[in-house]
Structures are given as C-alpha cells and as structure tokens.
Amino acid sequence: MSQYKPYPTYKDSGVEWIGQVPAHWETLPIKRGAGLRNERRTDSPEGWDYVGLEDVEAESGRYAPTGTASRQSEDSMVGVFRAGDVLYGKLRPYLRKAIVTGDDGLCSTEFLVLRPGRSSAPWLHRWLLTTEVTQQIEAGCDGAKMPRADWDHVGSVPMPLPPPAEQSAIAAALDRETARIDALIAKKTRFIELLKEKRQALITHAVTKGLDQNVRMKDSGVAWIGEVPEHWELAQLGKLSVSRCDGPFGSGLKSEHYTDSGVRVVRLQNIGWARFKAGDAAYIAFDYWQSELGGGHDAIPGDVLIAGLGDENNLLGRACVVPDDIGNAIVKADCYRFRVGPRVLPEYVALTLSATSRAECGFLATGATRDRLNLTLASARRIPVPPIEEQREIVAAVHRSATRLDELMAKVDCSIALLKERRSALITAAVTGQIDIREAA
C-alpha cells in the first residue's frame, strides 16, 4: 500500500488498538454514530424480501442470496430493516457478516439492524468488517461454541469518524479498490474450479479408457462408463471383495461413546473424493469396541471406504482407501467398508468409484432429503477391471498428473488468501486513517 500517502497530521485516538487517527477526525462509540432499529413483525408486506444469515457472504460484506432462506414459517418473528440500514450478524461474529440494505425488508432476528446517524451506512459497514473490530466484538460475546454479540457491547466499540463528505469519499474509493481485488479473486477462484474439473476428467478418462490411446475399445454396456478397452472386464464391487460391512446402527455407537483416544471411528467427513481425510478424528474405547460391538465393523489399511450419504458438495458414493497409519479402526453407520481381493488394487477401486460416483449413484440413490446408498447397492456398483499391472500404471499416472494439478491449485489458493489479506488490510488502513485513499484512481 506504499502508493497511498498518509494524512498531514495525526493525534492520539485515545484507544490503544486504534492508535493515531487524522487530527481532524473524531473517535466515538458506535452507538453515538448509529442507532439500533428494533422493529419486529410476523407478517410479510408485499414485495419485501427476507434476508437470512446464509444470504450474507462471510468476510466480504456482500449480499449473496441462496434461494433457501431459513425463515422457519410465514408467521415466525422476524426483524424489519429499512433501505440504507446496516445488517450485522450477531451470531458467530467471527464470520464477519454485514451488508448495507438497498430496500425495505425482513431479516433474521440474528441480525442487529443498525440505523445510520452521524456515521454513514458505508462507513459503518466497512468498520464492522475489519478484523480489529471483530476481535473486540468477539471478546464481549456470550457462549463458547455459538458466540453471540449484543447491541450493548457492539454499540460500545470505539469508531474513528471523519466528516460526512470524507466518509463518502473514502467509501467510494474503497469500493473501487476492493472491486478490483474482488474481480481478481473471482478470476482465480474460477481458475481453481477449472483445474478441479480437469483433474476429475483426467482421472475419469484414465480409469474408464486406460492410458493407451490406440487400444481397441468395446461397449461396456453401462451408460455412465461407456466404451472400455477390449481386454478389460466389468465386475460388481461385491464380487471383487472378500468381505464388506456397514457401521453399527442405533444405540451401538452414539456421540456419548466417543473418547479422546482409542479405536478410530471413520465417519462420513473422513471419506473424501479418492482420498482419506484424516482430520476431525473421533475415537471409542478399545474395551467398548470389543465387549459391546464384538470387535466388528473393523477397517484396516488397504480397505476401501464408500460414503453411503451425500450431497452436491460431498458426492454420494465417493470412495477412498484406509491409510497405513490408521491403527485400530471401525466404520460408522453409512460408511461402507470393502476388503477387496487380489484382482484389484484398492487405490484403483477408490479412484474408479469416485470418478463414476456422480453419474452412477445419482441413478442408484434413494432418499427424499439426502441422497442415500445402502450396502447392497454399493456392492452392486460396477467397475471396469484392467489387468493388475495396468491398474498399477493407471494409479501411478493419475498420481503424477493429479499431484501437479494439486500443487498448482495450492499456489493459486495461496495467492487468493494473500489478496484477501490485502483487501482486509486496505480497508483497515483506510478507515483508521493510516492512509489517505480518497484520490485513488
């Protein structure tokens, strides 16, 4: 931010975490610059939209309607906002959810509806989104797991305040500068999406068509697989496995059975797209596993795991391989464990099941609210089976190509994180007067 100049003179703001501010600025509590609108109603005036917490993008301060607003019912109590108010999400304030409203409307009661006064709406909005203010608000929240801010505390947070015309000029300059950063972030985000699509297409082609572009092909007889090399077979997963199991149902395994260590419990969140997600670990006591569960539902290194539940972001039927360092482990309900025989490599099976999951499991799935695949249907899934040596070559080739793409995605993701940091730092510097951004082109 070296291209921006400081103000000519500064003074102490009187607030340690704010520091110095331009000499002609004030520093005052938010409640002296804005008020709280506390209107409530149950009816919905014609033409008024409803804004839920899920409709506000975290950190960016953008309104991003999801189309699935979580208003419980048409007669439930909601907040009222007017055009130009600032909505601030008081639930889990570390998410930094705040927007300036364009029209009158209704909102979740988990918003503080702030009415601009001496502080303009854009200025208040920018100030509430700074990391420093978020930390101050968090420090006064109630609740450890679901912290919730209240107006008494938010209103007491100090805020630097320039004259009205200067507020407008700074807000307009920030809009221009952050729009440039946001456009670059959007381009990089789209690039990552394209890389992910390329990665998936590469894997799908390798496990259904092989690596030899000149090999003779035949119809597999399965629509979502299409043609396969002539010398490949097609087999159901159950016939390629020596054993299979689901996790314990009902009272056999509940959250109260979890311990800090012991036998690892593999859950749906651990089954990624052709990779095991080691985080979010859960355990049960070894004695409970042996005495109450009979030592069953076990998962050992090399077993194939299939997700029996899924959604748009976590595909039904995705699969991975149990890692070598798992230790004693079991699967939870809706996590299916297959122990494959010598005809197939576990890594190849997991790649193939993941690559065909969207097409195949969309056809097989049952369930009204979440896609579900039972153990019998999972066993019936068909995969192309090349000779074992060719499977090894496919797995190795996929690993090399996927690793290169993953490294590139990691670099782009890092650059996005840096851009977000720059955006946040720019806003903080501008609204505390560390830089004079008004003449930004």
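Starting from 1, each residue takes its place in the sequence as its number.
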side-chain contact (heavy atoms from CB on, under 4.5 Å) assessment of Leu234 paired with Val385
CA-CA 6 Å; Leu234 207 70; Val385 183; over 6 Å; no
Are the side chains of [Y] and [X] in contact, using a 4.5 Å heavy-atom criterion?
X	Y	result
Thr101	Val51	no
His153	Asp150	yes
Arg92	Leu53	no
Asp334	Tyr336	yes
Asn270	Phe276	yes
Ser357	Leu316	no
Ile388	Leu345	yes
Asp212	Pro229	no

Salt bridge (Lys or Arg N to Asp or Glu O under 4.0 Å) between Glu193 and Lys196, worked out:
CA-CA 5 Å; Glu193 292 172 356; Lys196 287 180 178 179; over 6 Å; no
Identify which one of Arg176, Arg423, Lys187 satisfies the salt bridge (charged side-chain N to carboxylate O under 4.0 Å, His left out) criterion when paired with Asp182.
Arg423
To the nearest 0.5 Å, what is the distance between [atom1] on [X] and [atom2] on [Y]?
X	Y	atom1	atom2	value
Ile306	Ser379	CD1	OG	7.5 Å
Leu408	Arg199	CG	CZ	12.5 Å
Met217	Thr208	CE	OG1	7.5 Å
Arg318	Leu309	CZ	CG	8.5 Å
Ser60	Lys420	OG	NZ	8.5 Å
Ile99	His125	CD1	NE2	7.5 Å

Heavy-atom donor-acceptor pair, [X] side chain to [Y] backbone, under 3.5 Å:
X	Y	value
Thr66	Asp55	no
Thr109	Gly79	no
Asp436	Arg438	yes
Asp219	Glu227	no

Please determine, by modelled atom types, if [X] and [Y] share a side-chain donor-acceptor pair under 3.5 angstrom.
X	Y	result
Gln167	Ser120	yes
Ser220	Arg382	no
Trp17	Gln135	no

Take a 6.0 Å sphere around [atom1] of [X] and say whether it holds more than 12 heavy atoms from other residues, nucleotides or ligands.
X	atom1	result
Glu16	CD	no
Arg40	CZ	yes
Lys188	NZ	yes
Asp280	CG	yes
Arg37	CZ	yes

Check ion pair [X]-[Y] (N to O, under 4.0 angstrom):
X	Y	answer
Arg339	Asp303	yes
Arg82	Glu39	yes
Arg126	Asp175	yes

Where [X] and [Y] come nearest, the two heavy atoms and their spacing:
X	Y	value
Ser424	Arg96	OG-NH1, 3.9 Å
Tyr348	Val207	OH-O, 3.2 Å
Leu419	Ile181	O-CG2, 3.7 Å
Ser44	Leu106	OG-CD1, 3.6 Å
Val113	Cys107	CG2-SG, 3.7 Å
Gly272	Cys320	O-CB, 4.1 Å

Might you work through the side-chain contact (heavy atoms from CB on, under 4.5 Å) test for Leu237 and Val304, ending with a clear yes or no?
CA-CA 10 Å; Leu237 177 60; Val304 175; 5.7 Å; no
Would you call the rings of His24 and Tyr7 parallel, tilted or perpendicular if under 30° counts as parallel and over 60° as perpendicular?
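The rings of His24 and Tyr7 sit tilted, inter-plane angle from 30° to 60°.
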Begin with the C-alpha distance, continue with both residues' side-chain angles, and end with the deciding distance and a verdict on side-chain contact (heavy atoms from CB on, under 4.5 Å) for Ile30 and Trp127.
CA-CA 10 Å; Ile30 287 176; Trp127 181 241; 4.0 Å; yes
Audit row: Glu407, Arg404, salt bridge (Lys or Arg N to Asp or Glu O under 4.0 Å) steps and yes/no:
CA-CA 5 Å; Glu407 290 173 350; Arg404 287 194 296 269; over 6 Å; no
Can you list the steps and then say if Val266 with Val322 is a side-chain contact (heavy atoms from CB on, under 4.5 Å)?
CA-CA 9 Å; Val266 176; Val322 176; 5.8 Å; no
